[in-house]
Amino acid sequence: MERLNDTPPEERKPVKETSGEYLWKRLRPAGCVLVLVLMAAMLAVCFASGREPIEGYTPPQTTEYYAAHPEELVTELETNVFPALDAEISAEAGDGTVTVTIESASFASARGAILRYFDKSLFEFVQGE
């Protein structure tokens, strides 16, 4: 029976480490904790720091007011919201809702910007060509 320590160092085969074992060996427990804390901080910053689509804008009226007066909502959108968004957008007042037509190239971003300030129940979104 041969013992492991009896083989000379030049004849020993190197043990292959996985990436996790390599990092654990190099960083030690305190380094791993530091890496996890930094990753958590990065995720918090990435997901919590959404910038406003329209700087300093707040709707002048409430959702209830705009639900009762869809024409006023169309006027507000055309006056203050649509010019600030980089898209071709049009709005039309209907039966209690406002139909907003947005070009397909910027549909998702423009829709998200509008819904950041106004309730979804006020709108029907249509993707334009």
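Counting all heavy atoms, side chain and backbone alike, Gly94 lies closest to Pro70 at O-CG, 4.2 Å.
Criterion: ILVMFWY side-chain heavy atoms under 4.5 Å apart, direct or through other members. Under it, Val45 and Val37 are not part of a common hydrophobic cluster.
Remark: side-chain polar atoms of Glu78 are not paired, donor with acceptor, to backbone N or O of Thr75 under 3.5 angstrom.
Put simply, the side chain of Glu76 reaches to within 4.5 Å of the side chain of Pro60, judged on heavy atoms. You'll find the side chain of Glu71 stays beyond 4.5 Å of the side chain of Glu92, heavy atoms only.
Remark: Arg116 CZ is packed, more than 12 non-hydrogen atoms of other residues, nucleotides or ligands lying under 6.0 Å away. The environment of CG in Asp86 is sparse: at most 12 heavy-atom neighbours from other residues, nucleotides or ligands sit within 6.0 Å.
In this structure, OG1 on Thr99 lies 4.5 Å from CD on Glu124, to the nearest 0.5 angstrom. Atom SG in Cys32 sits 12.5 Å away from atom CZ in Arg26 (nearest 0.5 Å). Going from atom CD of Glu17 over to atom NZ of Lys25 covers 4.5 Å, rounded to the nearest 0.5 Å.
In the hydrophobic clustering, where aliphatic and aromatic side chains (Ile, Leu, Val, Met, Phe, Trp, Tyr) are joined below 4.5 Å either directly or transitively, Val74 groups with Ile54, Tyr57, Tyr65, Tyr66, Leu73, Leu77, Val81, Phe82, Leu85, Ile89, Val98, Val100, Ile102, Phe107, Ile114, Leu115, Tyr117, Phe118, Leu122, Phe123, Phe125. Grouped with Leu43 in one hydrophobic cluster are Met42, Phe47, the linkage being side-chain heavy-atom contacts under 4.5 Å among Ile, Leu, Val, Met, Phe, Trp and Tyr residues.
Between the side chains of Ser106 and Glu103, at least one donor N or O sits under 3.5 Å from an acceptor N or O.
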Go through His69 and Glu64 one step at a time and tell me if the side chain to side chain contact (heavy atoms under 4.5 Å, CB included) criterion holds.
-> CA-CA 9 Å; His69 304 93; Glu64 293 78 23; over 6 Å; no
